Each structure stands twice: as C-alpha cells, then as structure tokens.
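Encoded as structure tokens, the structure appears first; notes follow it.
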There are 2 protein chains.
Amino acid sequence: MTEEEFLRSYDAKSFERPSVAVDLVLMSVRDGQVVAVLQQRSEHPYQGHWALPGGFVQIGESPDEAATRILKDKAGMDQCFLEQLYTFGAPDRDPRTHVISIAHFALLPFERFEKALDRKADLALATIDVPWKGEAGGAVRALDRQGSKLSLAFDHDEILGLAVKRLRGRLDYSPIAFALLPALFTLRDLQDVHQAILGVEFRKPAFRRRMLDAGWIKGTGKKESGQTFRPAELYTLKKGVKNGTD
Amino acid sequence: MTEEEFLRSYDAKSFERPSVAVDLVLMSVRDGQVVAVLQQRSEHPYQGHWALPGGFVQIGESPDEAATRILKDKAGMDQCFLEQLYTFGAPDRDPRTHVISIAHFALLPFERFEKALDRKADLALATIDVPWKGEAGGAVRALDRQGSKLSLAFDHDEILGLAVKRLRGRLDYSPIAFALLPALFTLRDLQDVHQAILGVEFRKPAFRRRMLDAGWIKGTGKKESGQTFRPAELYTLKKGVKNGTD
DNA sequence: CCAAAAGTGTTTTAGTTACACCCATGG
DNA sequence: CCATGGGTGTAACTAAAACACTTTTGG
C-alpha cells in the first residue's frame, strides 16, 4: 500500500477533536557534537523516514507523565532532565488527522544514552547540525555516522531546530549543561559541552572563571585519571542547584 | 493487526481522549501596574470565580488560530502580540474532564484594552501582583479596583504567574515591551512599563542609554504635548524590529 | 523667574578578556 | 626532561552605573 492509498483509506472524519501526543527530543553531546535519538518509521505515513520517539497522551495522564512513560518505554531511560518545549498543532502536520503534539526535551549524559541504545534496536543516534543564521535559526540537519542527511518525518525538523535553539538560549542563564554531564566532571568536559552546543570556541581561563563565578559548581579535591597529562580536578554541582534532573 | 485495524480500534474509543483548549492571558500596564482581563464564571464549575478567557480548539484549527479566534470573539481584540506560553495538562485541572490547555499570552497597549472592554460587559480588568520571591516566583494575586483579592478558577493562578514570570524574563532580551505601548511613545512611557513589570525603579540616564543602545527604537523628532513640563521626544520602533505584533 | 521633568557629558566602577606564565603528570 | 594539557596571576579593555549638569516647557 502506498502512502497515498493509506491516506485515502484513512477516515479522519471520525475524529471530532484533535488528538494529543507527546514527542521527545532526547539530546546529548558526543565528541563535540550534539546528538539526538531518532526512530526509523516502519509504517505509513512517512515510512522509512526518521522520527522523534513519541506517543499519545492517555486520558487521566498529564503531558509530563506521558513524556516520562514514553521515555521509559520507547527509549529505556529514566531520571533525567525533562522539560516541556513547545506545543505544535498545525492541522496538517500529521497526514492522518489533526494531532497536537506537546514536544518535550530530555537531556542525558552520553554514557546513559549508550546503555539505553544497546537495549533498543530500533533507535539510532543522529548528529544534529543547526547553523546559526541569526535569530531565525537555520534549517536543522540530522546526520548519521557516515554524515548522510536523514530525512525526518512530520514537522520533526522544526521541533529539533527549536530544541537546539532553546538549549543554546538557556545555556548561559541556567545550569542546564550539567544535565549532559555525569555527577563528576572536569572543567574541560563542561567547556566541551558548551562549545558543542553553541558551536564556538572559548578561551580556557575566561571560560573557567565564568563557570566558577556562576556559583553552580564546587571542586571535590578528587582528580581524573587515565590521562597521559596532568589530571584535572573533578567538579560537581553544588547542593541546591536544580538542573531539572531531581 | 494492521495499522488500519489499529486505527479503527483507536477510533472507537476516541471519546476517551483529553480535550484541547486555549486559555488567554491578556495583559497590559495601567498606572504602573500590570493588569489582565478576567471573565466571571456564571456557571458551574467554579461559579462566581474569575477565569481567563478561553475555549476549545476545533479540529482543523491550529492552536494559534484558536487563540486568535478567542481573542476576537471573547475579548473583541485583534492584531496584537500573541505567543504560546505553556501547555497545562494535569488530569484534575478541570473537574469535568481531562482538558489540556495551551496557554497563550497577548499584550496590548492599554488604550486598545479599554475600547474592547467597553464593548464586552462580562469582562473585567484585574491588577496582577506577583511578588518576586527568587526564582520560584511567589503566588499570584489578582485584585479588583478596590484592592480585593479575586478568586481564580481552575489553575488560572498558576497560568497568570507563569505569564508574568515569562514577561519579566524576556523584557531585557527582546523588544516585547513595545507590544504594550502605542506606536509613538516617550522614553518615560517605556521606563514606566519596565518598572511596572519588574517592580523595580531605574535611574533615568542609565535606562535611557540602555534602551537607545539596544537599537530597537529611533526618535521621530515629534514631541508629546499637553504636559505642564518640557515635552519629551516621541520614539518609535525601528523598521524590521519584530515585537510579534506584525 | 520657578518648578518639573527632559536630556547630556564625565567620572567611577566593575566585570570580562587577553596574555603570559607556572604546575603536574606519563613516558 | 619534554610534551601536554591543567591551572593562576596581571594588565588592558569595555560596558555600565552614578553623578552632576544643562535644556525646555507652562504658569
């Protein structure tokens, strides 16, 4: 059956109200690149295209609860930074019927990403590339490990673009970056995360002081190990600093 | 089960899905106070309580279109700054059934507010008082002209609180304040708006330069009139600066 | 001329950047 | 003892705030 046939046979008139769904943008940073979890669609519509993990909101369930459920069931992850992003509701964004989707974004340190992905064969990691292009934010590109552009389903390119834009905007003003790092991290790790998200390079001393002055982190006295150079001190979030993971 | 069969079975229990609504926070500034439009409920639930103007999203209608429609039908206003705020979806927020509400906020200069309110008898203007109380943002209080506290329906106090918080957060970084001013305004008008929203006082020269340096406005050469003191120059938004009203 | 508020120039301060340097580790 | 990256002090620069001041109107 082609997509066209599928859409013809689909009875949209029986839906009197819009449906409500949740889509998740699961993001992390790997090797200086922003990555996100995508799922290849095996069925119509958008068969073969890549989509954000999502699902419908059940009655009696808040959107946040739905997001947590989908995060657990579809991606096998829990206990992470999870925040509502924006609600997308153009009537034609889903060819089946009017689906209003409450997009959330979730941030995890990459180690936890990897573990979950090993258990879920249908998930893939895409490198997300959003050029700056002023305020508007250029078109998002999702790339596989070979650098080929992935074709996204629905309006999920728009959702991804907004997620990156939001992430960039909040980086300076909130401790959101720590949701992408393990409990103990070096200042270099933190700088790498910032540089990956913003797509710029910082000078080490300036970045270092800016972070320490922000008052979010404290040194632990412990040092990293396994490096061939001088080990860096491990830092951690101060108690009482909320990055949304709690 | 084929997708078609799945969709048929999903369709059968479509009455069990949450409804989708839009609630509007219509805000302005009057005499150094933030004000919002409220509607007194004549029926259960929350009979006699005050509520934000709102309505259900029709199928085939985007949330933004629904917000525009409600703005026009219920409040008699159009062509104003209108932006999605947050989606509230706790299952018990409406005692009738599970209603997911996409809250929007709308900003207008007070003159346009007044005109519309004269034509709609069921609407009232409330002074909105949100104490600072750090990041969390204290509980919102809606007051009538006599200063009596109005009792709000549903979770509308929470929505109002978030709207004020968002307004405060964006004031410095975006030209949002100009949606609350007429096309021609003095720097004092602009300062009054900022002070009302943030609840702080600024020194005139500092505020003046900060605004001019931001590059959003330009002088017109015209002067205000009707004052007993030196008339101030009238400023206007530069072309190309979007404050969402366009 | 006076009161009131508009509007401007100058100094002070604070915060950020740039640069140069020293330190600790593995090999 | 050398290469590599971690970490720190100082000077230069820049942006904002504080203050004192001049200007323009109505009465």
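Because only heavy atoms are used, hydrogens play no part in the values below, and waters and symmetry mates are left out as well, while side chains stay in. Treat the numbers as computed from the prediction; the structure is a model and nothing was measured. Within every chain, numbering begins at 1; the chains are lettered A, B, ... in the order of the sequence lines, protein sequences first and strands thereafter.
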Subject >> Listed partners of F207(A) passing ring-ring contact (aromatic ring centres under 6.0 Å, His included), at least two apart >> reply: H194(A), F202(A)

**OP:** Any chance you could list the contact pattern along nucleotides 10-19 of chain C? Use B for base contacts, S for sugar-phosphate-only contacts and - for none, protein heavy atoms under 4.0 Å, 5' to 3'.
**Re:** B------SBB

**OP:** Provide the start and end nucleotides, 5' to 3', of the part of DNA chain D that has atoms under 4.0 Å from heavy atoms of chain A.
**Re:** dT4(D) to dT10(D)

Subject >> Note, F105(B) side chain near I176(B) side chain (heavy atom, < 4.5 Å) >> reply: yes

Original post:
Taking only residues two or more places apart in sequence, or in another chain, which ones meet Q40(A) in a side chain to side chain donor-acceptor pair (under 3.5 Å)?
Top reply: none

Original post:
Among all residues two or more places apart in sequence or in another chain, which pass the ring-ring contact (aromatic ring centres under 6.0 Å, His included) test with F154(A)?
Top reply: Y46(A), H156(A)

**OP:** Round to the nearest Å and state the distance from E233(B) atom CD to dA5(C) atom C1'.
**Re:** 15 Å

**OP:** Could you list the residues that satisfy ring-ring contact (aromatic ring centres under 6.0 Å, His included) with F113(A), not counting sequence neighbours?
**Re:** none

**OP:** Output all residues satisfying side chain to side chain donor-acceptor pair (under 3.5 Å) with D64(B), sequence neighbours left out; order by chain, then residue number.
**Re:** H104(B)

Subject >> Side-chain heavy-atom pair L234(A), T186(A) within 4.5 angstrom cut-off >> reply: yes

Original post:
For T220(B), what residues pass the side chain to side chain donor-acceptor pair (under 3.5 Å) criterion, not counting sequence neighbours?
Top reply: none

Original post:
Which atom pair, heavy atoms only, marks the closest approach of A196(A) to Q33(A)?
Top reply: CB-N, 4.0 Å

Original post:
Is there a residue in residues 182-191 of chain B whose heavy atoms reach under 4.0 Å of DNA chain C, and which residues are they?
Top reply: R188(B)

Kindly give the atom pairs (protein nitrogen or oxygen, nucleotide nitrogen or oxygen) under 3.5 Å for nucleotides 2-4 of chain C.
none

**OP:** For Q84(B), enumerate each residue passing the side chain to side chain donor-acceptor pair (under 3.5 Å) test, keeping only those at least two apart in sequence or located in another chain.
**Re:** none

Original post:
In whole angstrom, what separates L234(B)'s CG from dA6(C)'s P?
Top reply: 12 Å

Subject >> Set of ring-ring contact (aromatic ring centres under 6.0 Å, His included) partners for F88(A), sequence neighbours left out >> reply: Y86(A)

**OP:** Could you tell me the separation between the CG atom of L117(B) and the CG atom of L26(B), rounded to the nearest 0.5 Å?
**Re:** 9.0 Å

**OP:** Decide yes or no, distance alone: a donor-acceptor N/O pair under 3.5 angstrom between the base of dA5(C) and the side-chain of K204(B).
**Re:** no

**OP:** Find which nucleotide of DNA chain C each of R208(B) and Q227(A) is nearest to by heavy atoms, and output the residue with the more 5' nucleotide.
**Re:** R208(B)

Original post:
Can you name the nearest heavy-atom pair linking P131(B) to R168(B), along with the distance?
Top reply: O-NH1, 4.0 Å

